[in-house]
Amino acid sequence: MRIARRTFTALGPVAALGLLAACGNDEGGSGGTSNGGSGGGEGDFVTDLTFGTGGTGGVYYPLGGEYATIYENNIDGITVNYTDSGASVENIGKIFQGEWQLGISQSDTANAAVTGDGEFEGAQVDNLGWIAALYPEAAHIVTLAGTGIETVADLAGKRIAVGDVGSGTRNVSDAILAAAGIEEGGYEPFEQDFASSLNLLRDGNIEASIFVVGTPTGSLGDLAATNDVKLVSMDEAEAQGVADSSLYEVYTIEPDAYDFLTEPVTTLSVAAALVGSTTQISPDLAYEITKATFEHAETITLPQGDLISHDYALFGRGDVPLHPGAEKYYQEQGLL
């Protein structure tokens, strides 16, 4: 298995999507198809896969690395090269462009991609297939003692890390802040990956960081080992209001998730979903990937491995079509 390193196109994922949508798909296997993403001739399918994950400080990257090993060890004739990335938006953009074949994405971002909404407005992704929801991801609103931040409303006028370019975190951050009456221009945003945002917080360059990640995350525990960390809780009515008008769910981070917590924290969650190209991953290979995802989940060393199950597999799928290979697997399991 080779580990690819992160690269960005000059245009960035969303701009590149728009360009492809405008220009069409002139190169074989390098973007969406005109038939809703269900096509792609057999000659277009590949077995040397690139797997987009996330920043190295989050869960996507190490989880993708463990699954890359699982797939290579249990599926004949494939290689899986996992790479760090800006996460959800970039991973889907690269799949649309035909550069990557697998990716992890927030479920709400995947839905926006196939419906052409949000950051994907004008660039509807038509070659994306749902493989599995893996585990719930919770929005963490992190600050340090001494900032004076006790509630989300206290974030007004503050310097806040709101997620990396190409991640789905920015949408969640916007929703959380807007629910508290804080609109764009009412704070100073920093577009940073998870690890960088914690460094900025530690060094006093920002007052808060909002990120969406599986709970618990070791990086936050590392920060708490040397700093007085606080998780800010959302107002329950505000959280429910956001959930009622979106694909987010109200979520509780329990006190036993982190040593520094003493009471439950109300926030929002989405599903971390495994998605794949319908034009470059054959139905047979997608079936084997889906099967291996669940049959070998017990070998995952991260805490999130305990949450990967058939019961959660379709959570948050919404409008994202099932990859035909995943659909076959779920039919065999009696889940459809």
Open item on the list: For the backbone of Leu200 and the side chain of Asp203, can you confirm whether one donor and one acceptor N or O come within less than 3.5 Å of each other?
Closed with: no
Task: Lys230 and Glu150 ion-paired at < 4.0 Å - done: yes
Open item on the list: When you measure from the side chain of His323 to the backbone of Ile281, do you find a donor-acceptor pair of N or O atoms at a distance under 3.5 Å?
Closed with: yes
Open item on the list: Keeping Glu72 on the side-chain end and Ala68 on the backbone end, is there a donor-acceptor pair under 3.5 Å?
Closed with: no
Open item on the list: Donor-acceptor pair, distance only, cut-off 3.5 Å: does the side chain of Asp193 make one with the backbone of Asp164?
Closed with: no
Task: Thr143 and Glu207: side chain donor to acceptor below 3.5 Å - done: no
- [ ] Test Tyr258 against His140 for ring-ring contact (aromatic ring centres under 6.0 Å, His included), laying out the working first.
- [x] CA-CA 12 Å; Tyr258 298 103; His140 290 57; 5.8 Å; yes
TODO: Can you see which heavy atom on Ala139 is nearest to which on Val172, and at what distance?
DONE: CB-CG1, 3.9 Å
TODO: Answer yes or no: is there a donor N or O on one side and an acceptor on the other, between the side chain of Tyr135 and the main chain of Ala271, under 3.5 Å?
DONE: no
Quiz: residues 306-322 side-chain donor-acceptor pairs under 3.5 angstrom, not counting sequence neighbours:
| from | atom 1 | to | atom 2 | distance (Å) |
| --- | --- | --- | --- | --- |
| Ser309 | OG | Asp311 | N | 3.4 |
| His310 | NE2 | Tyr329 | OH | 2.8 |
| Arg317 | NH1 | Val320 | O | 2.8 |

Task: Atom CG of Asp259 with >12 non-hydrogen neighbours under 6.0 angstrom - done: no
Task: Heavy-atom check, side chain of Val59 versus side chain of Ile104, under 4.5 Å - done: no
TODO: Locate the shortest heavy-atom distance separating Gly103 from Ile95; write the atom from each residue and the value.
DONE: N-CD1, 3.8 Å
TODO: Only pairs at least two apart or in different chains count here, so list each side chain to side chain donor-acceptor pair (under 3.5 Å) that has a residue in residues 237-256.
DONE: Asp108-Tyr248, Gln240-Asp244
Open item on the list: For Gln101 versus Asp48, what's the shortest heavy-atom pair and its separation?
Closed with: OE1-O, 3.6 Å
TODO: Ignoring hydrogens and angles, tell me if any N or O in the side chain of Arg159 forms a donor-acceptor pair with the backbone of Pro189 under 3.5 Å.
DONE: no
Task: Heavy-atom donor-acceptor pair, Ser196 side chain to Gln192 backbone, under 3.5 Å - done: no
Task: Lys158 NZ/CZ over Tyr187 ring centroid, <6.0 Å and within 45° of normal - done: no
Task: Shortest non-hydrogen contact between Ile92 and Ala113, atoms and distance - done: CG2-CB, 3.8 Å
Task: Stepwise side-chain contact (heavy atoms from CB on, under 4.5 Å) check, Trp100 with Phe51 - done: CA-CA 6 Å; Trp100 298 351; Phe51 186 175; over 6 Å; no
- [ ] Establish, yes or no, whether a centroid distance under 6.0 Å links the rings of Tyr82 and Tyr61.
- [x] yes
Task: Glu184 atom CD: more than 12 heavy-atom contacts under 6.0 Å - done: no
Open item on the list: Could you check whether any side-chain heavy atom of Val275 comes within less than 4.5 Å of a side-chain heavy atom of Leu102, counting everything from C-beta outward?
Closed with: no
Task: Modelled atom types, side-chain donor and acceptor of Thr53 and Asp84, under 3.5 Å - done: no
Open item on the list: Using modelled atom types and a 3.5 Å cut-off, is there a donor and acceptor pairing between side-chain atoms of Thr217 and backbone atoms of Val213?
Closed with: no
- [ ] Using modelled atom types only, decide if a donor and an acceptor are shared between the side chain of Ser88 and the backbone of Gln106 within a distance under 3.5 Å.
- [x] yes
TODO: Would you tell me whether Tyr71 and Glu288 have side-chain atoms, one donor and one acceptor, within less than 3.5 Å of each other?
DONE: no
Open item on the list: On a heavy-atom basis, which atom in Pro255 and which in Thr262 lie closest, and how many Å separate them?
Closed with: CB-C, 4.1 Å
Open item on the list: Could you tell me if Thr279 and Ser277 have a donor-acceptor pair between their side chains, going purely by distance under 3.5 Å?
Closed with: yes
Open item on the list: Return the CD1 to CG distance between Ile182 and Asp174, rounded to the nearest 0.5 Å.
Closed with: 11.5 Å
Task: Min side-chain heavy-atom separation Ile289-Leu274 under 4.5 Å - done: yes
Open item on the list: With a 3.5 Å distance limit and no angle check, can you tell me whether Asn227 reaches the backbone of Val229 through a side-chain donor-acceptor pair?
Closed with: no
- [ ] Could you tell me whether the side chains of Asn127 and Thr278 share a donor-acceptor contact shorter than 3.5 Å?
- [x] no
Task: Mutual orientation of the aromatic rings belonging to Phe294 and Tyr330 [parallel < 30°, tilted 30-60°, perpendicular > 60°] - done: perpendicular
TODO: Scan side-chain atoms only and decide if Asp284 and Ser282 contain a donor-acceptor pair under the 3.5 Å cut-off.
DONE: no
- [ ] Mark yes when over 12 heavy atoms from residues, nucleotides or ligands other than Glu236 sit less than 6.0 Å from its CD; otherwise mark no.
- [x] no
Task: Considering all heavy atoms, the nearest Thr169-Val162 contact - done: CG2-O, 3.5 Å
